[in-house]
Amino acid sequence: HALTRLGVEKGDRVATLAWNGYRHFELYFAISGIGAVCHTINPRLFHDQLTYIVNHAEDKYIFVDLTFVPLLEGLAADLPKVKGYVVMTDAVHMPTSSLPNLLCYEDLLAPEAEVYDWPLFDELTASSLCYTSGTTGEPKGSLYSHRSTVLHSFSVSTGEALACSSSDTLLPVVPMFHVNAWGMPYACAMNGVKLVLPGADYSGAALYELIEGEGVTKAAGVPTIWFMLLEYLRNEGKTFSRLNTVVAGGAAVPRSMIEAFQNEHGVDVYHAWGMTETSPVGTTGRLSAADKRLSKEEQVSIKCKQGRAVYGLDMKIVDDDGQELPRDGKAFGELMVRGPWVIGAYFENQAATAAAIEDGWFRTGDVARLDSAGHMQIVDRSKDLIKSGGEWISSIDLENLAVGHPEVAEAAAVGMPHPHWGERPLLVVVAAEGASPTREGMLAYLADKVAKIWMPDDVIFMDELPHTATGKISKLQLREKLADYRLPTA
Ligand code: AMP
C-alpha cells in the first residue's frame with residue numbers, strides 16, 4: 001500500500017541499502033510482490049560504482065538503513081532520478097539529514113491497511129536486481145524473474161542444498177545486499193524456517209551470542225566469517241549447543257576449517273558454489289552415501305571440492321577453443337553453466353552479454369575440474385591462475401594450505417613476473433594476532449604439501465590484504481600494491 005501511494009508502479013526499480021534485518025525482509029516481499037523490482041545495493045562498493053548502478057538501474061526510491069544515510073548524503077547530488085529516500089527506522093530515531101525528500105519507514109506504513117490483495121502477473125516479470133562487484137570495468141546487473149527466483153528457492157530448499165525444514169533455525173550471515181542472501185529469505189519463508197537476521201555486527205562474539213541465544217541449527221556465509229567465529233571459540237574456550245551445519249561459499253573453504261569445525265565442534269561444513277549471475281546457488285557439497293563409505297580423510301578431500309550441481313543446473317568445462325573437456329577429475333578448463341536461474345543476459349548491457357553468453361551457456365570465468373561422480377572443483381578464477389613454464393598453479397590451493405599454518409590469519413598467492421618461467425608464485429601472508437610467522441617457517445611448512453614447482457619463490461608479510469566489496473581478496477588491488485615488488489629469483 002505504501003509503495004503504491006508513493007507512485008511505485010510495475011517494473012519500477014526500488015532500491016535498498018541495508019543490513020540483514022526485518023524491514024529489509026519486508027521490502028524483499030513488498031517490492032517484488034507488487035510487481036516492482038527490488039534492487040539491493042552493496043554498500044561496500046566505491047562512490048563511483050554506487051552512483052553508476054543507481055543511475056543505470058534508474059532507481060525511483062532508495063530505502064536506507066540509518067548506518068548508510070551518511071553514505072547516501074555523499075552521493076545524492078549525483079542521483080538525479082531518485083524521487084525520495086526512506087529511512088528504515090521509526091520517528092524516534094529519524095536522523096536530521098541533507099537527503100532530499102526524506103521519509104520515515106514506520107510513519108509511511110502506519111496509516112496503511114494490514115491486508116493487501118496481491119496482484120497476479122506473468123511469472124517472467126522481473127522481481128529483483130543485483131549488480132556484480134565489478135573487479136574490472138563497470139558493475140553488471142543480474143535481473144531475476146519471479147520464475148527464476150521461485151525455482152531457485154525450491155532448489156535451495158532441497159535436502160542436497162540447505163535442507164530447509166520448519167524444525168530448523170537458520171542464520172544467513174551472507175548479506176541480503178549480495179545475491180539475495182543466497183535465496184535464503186525466500187527459501188525460509190517457503191518452508192517456515194525461523195530466520196535469524198544478524199544486522200551489522202559480524203564479529204565472532206556477536207554471531208556466537210545470536211547462534212546460542214536463538215537456537216540456530218544452520219548458518220551460511222563466506223569462509224572469512226567462519227575464521228573469525230572459530231578464533232573466538234578457541235580464545236574463549238566455547239562450543240555450540242545446537243548448531244550442526246555451516247554452509248560456506250563465495251570463496252573456497254580451506255581443509256583446516258572443515259576439520260576444525262568437525263573435530264572441535266561436531267559441525268558439518270560443506271561448500272556451496274555460485275555467483276551473482278546464477279542466483280547464486282549452482283553446486284552444493286553434501287556427501288553422498290558412496291562418499292560416506294570412504295575414509296574420513298577422503299571424505300574431507302571431497303568436501304574441499306565445491307560439490308555437485310543442484311537439480312536444474314547443467315555444467316561443463318571447456319578449453320580455450322571452447323571444446324568440452326573430459327569429466328575425469330584431472331582436466332581443467334573454464335566452467336560453463338546454464339539453467340532456469342542462470343542469467344541469459346546482463347541488464348541493459350549488450351557488450352557484457354555478448355562476452356559472457358555462448359550458445360546459451362554462461363561463461364563463469366572460473367576454472368574448474370569435473371569428476372565422473374559429478375563433483376566440481378574450482379581451481380581458480382581464470383585471471384588468478386599462475387602460469388609457471390608450462391604448468392598452471394592454483395592460487396586458491398596455495399592460499400588454503402598457507403592458512404592451515406597456525407600462525408597465519410589470511411594469505412594470498414599471486415603470480416609475479418619471472419624472466420625464465422613467465423610467472424612464479426609469491427605468497428603474501430597476514431600473521432594471526434600475536435603471532436610472528438617467518439618466511440623460512442612458511443616455506444618449510446609448505447615443502448611437504450605441494451610439488452616443488454608450486455613452492456612460492458618468496459613469502460612476504462602485510463598487516464592486511466585488500467578485499468573486494470563482497471569480501472573476497474582483491475587480487476587486482478594486491479597486484480597494484482605489489483607494483484614495485486621483484487621476486488628475489490627474477
Ligand atoms: P559473486 O558473484 O560476487 O558472488 O562471486 C562469484 C565468484 O565467487 C565465483 O565465480 C567464484 O569465483 C567465487 N566462489 C563462489 N563460491 C565459491 C566456492 N564455494 N569456492 C570457491 N570459489 C567460490
Side-chain angles (χ1 to χ4, degrees), residues 20 24-25 28-29 40 128 130 144 148-198 202 207 210-211 214-223 225-226 229 240 242-253 257-258 261-262 265-276 278-289 291-292 302-303 305-313 315 337 339-342 374-376:
N20 293 11
H24 203 179
F25 180 82
Y28 262 45
F29 286 88
T40 51
S128 66
C130 182
Y144 313 109
S148 72
T149 303
V150 170
L151 290 174
H152 178 258
S153 306
F154 276 127
S155 186
V156 167
S157 306
T158 60
E160 279 307 289
L162 286 175
C164 288
S165 147
S166 57
S167 63
D168 273 318
T169 297
L170 189 114
L171 172 73
V173 188
V174 44
M176 290 167 73
F177 55 71
H178 183 217
V179 243
N180 297 330
W182 302 355
M184 287 180 274
Y186 305 118
C188 287
M190 191 178 242
N191 294 283
V193 180
K194 173 174 160 179
L195 191 57
V196 179
L197 301 172
Y202 286 9
L207 291 181
L210 262 188
I211 290 170
E214 295 294 335
V216 170
T217 54
K218 288 179 178 161
V222 295
I225 300 290
W226 308 128
L229 185 58
F240 305 109
R242 294 192 60 197
L243 185 78
N244 55 51
T245 306
V246 161
V247 187
V253 187
M257 178 182 285
I258 297 175
F261 268 105
Q262 192 168 295
H265 305 287
V267 172
D268 184 26
V269 179
Y270 60 92
H271 262 117
W273 168 89
M275 49 204 309
T276 306
T278 64
S279 289
V281 179
T283 69
T284 56
R286 290 226 145 186
L287 294 181
S288 68
D291 297 336
K292 285 187 177 167
I302 290 180
K303 284 183 155 195
K305 299 182 180 181
Q306 276 65 22
R308 286 168 286 137
V310 292
Y311 174 78
L313 195 99
M315 300 190 290
V337 295
W341 50 87
V342 177
H375 299 113
M376 186 271 281

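Numbers here simply count residues along the sequence, with the first being 1.
Remark: Asp291 CG to Lys303 NZ distance equals 10.0 Å, nearest 0.5 Å. Summarising the geometry, atom CG belonging to Leu243 is positioned 10.5 Å from atom OG1 belonging to Thr169; distances are rounded to the nearest 0.5 Å. The CG atom of Asn191 lies 5.0 Å from the SG atom of Cys164; values are rounded to the nearest 0.5 Å. If you take CG on Asn20 and CG on Leu195, they are separated by 8.5 Å, rounding to the nearest 0.5 Å. Here CG of Leu197 is found 10.0 Å from CE of Met184. Values are rounded to the nearest 0.5 Å. One finds the CZ atom of Phe261 at 12.0 Å from the CG atom of Asn244 (value rounded to the nearest 0.5 Å).
Nearest heavy-atom pair, Val173 versus Tyr202, reported as atom, atom and distance to 0.1 Å: O-OH, 3.0 Å. The two atoms that bring His152 and Gly183 nearest to each other are CE1-CA, 4.1 Å, heavy atoms only. Shortest non-hydrogen contact noted between Trp341 and Val281 is NE1-O, 3.1 Å. When all heavy atoms of Cys130 and Val179 are compared, the closest pair comes out as SG-N, 3.4 Å. Scanning both residues, Ala220 and Trp182, for their nearest heavy atoms gives CB-CZ3, 3.8 Å. When all heavy atoms of Pro172 and Leu170 are compared, the closest pair comes out as CD-O, 3.5 Å.
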Chi angles and distances behind the side-chain contact (heavy atoms from CB on, under 4.5 Å) call for Thr278, Val337: CA-CA 8 Å; Thr278 64; Val337 295; 3.9 Å; yes
Derivation and outcome, side-chain contact (heavy atoms from CB on, under 4.5 Å), residues Glu214 and Leu171: CA-CA 9 Å; Glu214 295 294 335; Leu171 172 73; over 6 Å; no
Worked verdict on Arg242 versus Ile211 for side-chain contact (heavy atoms from CB on, under 4.5 Å): CA-CA 8 Å; Arg242 294 192 60 197; Ile211 290 170; over 6 Å; no
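Ring pair Phe154/Tyr311: centre-to-centre distance not below 6.0 Å.
The closest donor-acceptor contact from the side chain of Ser165 to the backbone of Ser167 lies under 3.5 Å. Looking at His271, its side chain does come within 3.5 Å of a backbone N or O of Val253 through a donor-acceptor pair. For the pair Tyr270 (side chain) and Ile258 (backbone), a donor-acceptor distance under 3.5 Å is absent. In terms of modelled atom types and a separation under 3.5 Å, the side chain of Ser166 and the main chain of Gly192 share no donor-acceptor contact.
Every residue meeting the salt bridge (charged side-chain N to carboxylate O under 4.0 Å, His left out) condition with Arg308, not counting sequence neighbours, appears here in chain and number order: Glu160.
Screening Ser153, Ser279, Ser128 for a side chain to side chain donor-acceptor pair (under 3.5 Å) with Asn180, the sole residue that qualifies is Ser128.
With a 4.5 Å cut-off on side-chain heavy atoms, Val193 and Lys218 do not count as touching. For the pair Val216/Phe240, no side-chain contact is recorded, criterion being any heavy-atom separation below 4.5 Å from C-beta on. Looking at heavy atoms from C-beta onward, Tyr28 lies in side-chain contact with Thr40 at the 4.5 angstrom threshold.
Ring pair Phe29/Phe25 is tilted by interplanar angle, where 30° to 60° counts as tilted.
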